[in-house]
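Below is one structure, written out as structure tokens; comments come after it.
Just so we're on the same page: letters track the sequence lines, and every chain starts at 1.
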Protein chains: 2
Amino acid sequence: MTQAADTSMTQAKAPRADAVRNRKKILTAAGKQITVYGPDVGMDEMAAAAGVAVGTLYRHFPTKTDLVAAVVAEYLARVADDAEAALARVADGEGRALDELTAFLGRVVEQSATDRAVKAAAQTLGAALGNRADEDRAGAAVAGLIHAGQVDGDIRTDVTVNDIYLLFSTAPADLPPAARTRWLALVTPGLTAQSRPAES
Amino acid sequence: MTQAADTSMTQAKAPRADAVRNRKKILTAAGKQITVYGPDVGMDEMAAAAGVAVGTLYRHFPTKTDLVAAVVAEYLARVADDAEAALARVADGEGRALDELTAFLGRVVEQSATDRAVKAAAQTLGAALGNRADEDRAGAAVAGLIHAGQVDGDIRTDVTVNDIYLLFSTAPADLPPAARTRWLALVTPGLTAQSRPAES
DNA sequence: ATCTATCATGAACCATAGTTCACCTTGATG
DNA sequence: CATCAAGGTGAACTATGGTTCATGATAGAT
């Protein structure tokens, strides 16, 4: 009753030092494993990679789904940061919105190639992500980029954030770099503003 | 030694009538199951749907992979037919190449939505498809469409069959119809011939 | 230094899903 | 219609992989 350290009544005691350390190790290792072998890697694999026993994984994450979700969450956070940075650059007049958006898309495609699995995992998990905050951050930033591009007259006026999501979700993750570059080249024209070819 | 019915020495006797019937039932049912639930449906499920026992599946297909491959093969054959029909139409002057190609893409996207799983399965299976013939047929037909469209001046001159494959392989299968339509609208501009927007 | 709640360990457990096989059924042949 | 090999059946086997839990170790407080 004389404990003074907790922020609220429902707060647990402070976690032990090595627990924190392990949690981090697990998250990193799991991320790496998932990146390379896909979200179907066994818990044993990930545990081994992290240098701990399976039981430890379960101490930190009640279920495999939760672990993967945590990894995805980290990934999402990075993406959100990236998007916000791009938007900030545009706001500072350091880059044209369309270019930034394209570059951003490129980076994501790049990454989701590396993190092929994170993508698959994200789809598998679907709604069960828990922290929708980062998703919203990313969405808002992209919306900002789109709007700026439309003001510039570079981006089609009917393009929305959902379109970007749509494209995202179909980005080729497991194809060689050349293919991904080509894909981006094929897809971007759909975003840019220009007159349609003469009808019939 | 007095058997006369076989075409070659390594030919097996003729299959029994009900065997043929069952094979067809299995293929149909498996197709339907996979279409609805994805390639992860259990063998039991598919067997039940076909109205036979698991063992029967294994009599016809040595392994689950083979069964799924057979389903995929059927799907591929349909796609090939479709592509060739489209090409024929263009050759007869009944349709413009770009339009036919777009419509074809639309149909495939439409189907691979229905057959969401077939797609997933195809990727999972990768090379182990066995009958590459249909793949070639489809490829040739699409190549024909592309070329015709380029002659018309409707399709970008640098577009190749591989680009179509690339787009295909990223088609959104599990999204609602509206999203798929939108996707097609976003993607097609990348194929059409028109001047790029002014640089900087 | 001692003590204990937190944490880590990993062999064992269990559920799922592909696969097998000993035993029946049945279509075709004479 | 008698025969029998091809075909069908489904309970049982097996491999895989997520999950648990009794036991041992350790950080941190006294």
Exercise. Name all residues meeting the side chain to side chain donor-acceptor pair (under 3.5 Å) criterion together with B/Arg89; count only those two or more places apart in sequence or in a different chain, and write none if there are none.
Key: B/Glu100

Practice problem: Report the residues that fulfil side chain to side chain donor-acceptor pair (under 3.5 Å) with B/Glu74, sequence neighbours left out, ordered by chain and then residue number. | Solution: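 Partners of B/Glu74 under the side chain to side chain donor-acceptor pair (under 3.5 Å) test: none.
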
Quiz item: What distance separates A/Asp154 CG from A/Asp99 CG, expressed to the nearest 0.5 Å?
Solution: 7.5 Å

Quiz item: From A/Asp92 CG over to A/Leu87 CG, what is the distance, rounded to the nearest 0.5 angstrom?
Solution: 9.5 Å

Could you tabulate the donor-acceptor pairs under 3.5 Å formed by side-chain atoms of residues 22-33 of chain B, not counting sequence neighbours?
unit_1	atom_1	unit_2	atom_2	d
B/Thr28	OG1	B/Lys24	O	2.7

Hey, can you pull the donor-acceptor pairs under 3.5 Å for the side chains in residues 140-150 of chain A, sequence neighbours left out?
unit_1	atom_1	unit_2	atom_2	d
A/Gln150	NE2	A/Arg156	O	3.0
A/Gln150	NE2	A/Thr157	O	3.2
A/Gln150	NE2	A/Val159	O	3.2

Quiz item: When you check the phosphate oxygens OP1 and OP2 of D/dG7, does a side-chain N or O of B/Asn22 lie under 4.0 Å from one of them?
Solution: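 It does not, given that no N or O in the side chain of B/Asn22 lies less than 4.0 Å from OP1 or OP2 of D/dG7.
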
Just checking [X]: base, sugar-phosphate only, or nothing, at a heavy-atom cut-off of under 4.0 Å?
| X | answer |
| --- | --- |
| A/Val52 | sugar-phosphate |
| A/Val20 | nothing |
| B/Asp44 | nothing |

Quiz item: Hey, where on DNA chain C does chain B first and last touch, going 5' to 3'? Cut-off is any atom under 4.0 Å from a heavy atom.
Solution: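 The contact span of chain B on DNA chain C goes from C/dG18 to C/dA28.
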
Quiz item: Once you round it to whole Å, what is the distance between P of D/dG8 and CZ of B/Arg59?
Solution: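 The distance from CZ of B/Arg59 to P of D/dG8 comes to 6 Å, rounded to the nearest Å.
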
Practice problem: Could you check how far CZ of A/Phe61 sits from C1' of D/dG18, rounded to whole Å? | Solution: 16 Å

Quiz item: Just by protein heavy atoms under 4.0 Å, how would nucleotides 21-27 of chain D read 5' to 3' in B, S and -?
Solution: -----BS

Quiz item: Would you call B/Arg78 and B/Asp134 a salt bridge, taking side-chain N to carboxylate O under 4.0 Å as the test?
Solution: no

Quiz item: Of B/Pro15 and B/Asp40, whose nearest nucleotide on DNA chain C comes first from the 5' end?
Solution: B/Asp40

Practice problem: For the residue pair B/Glu94 and B/Val90, establish whether any side-chain heavy-atom pair is separated by less than 4.5 Å. | Solution: no

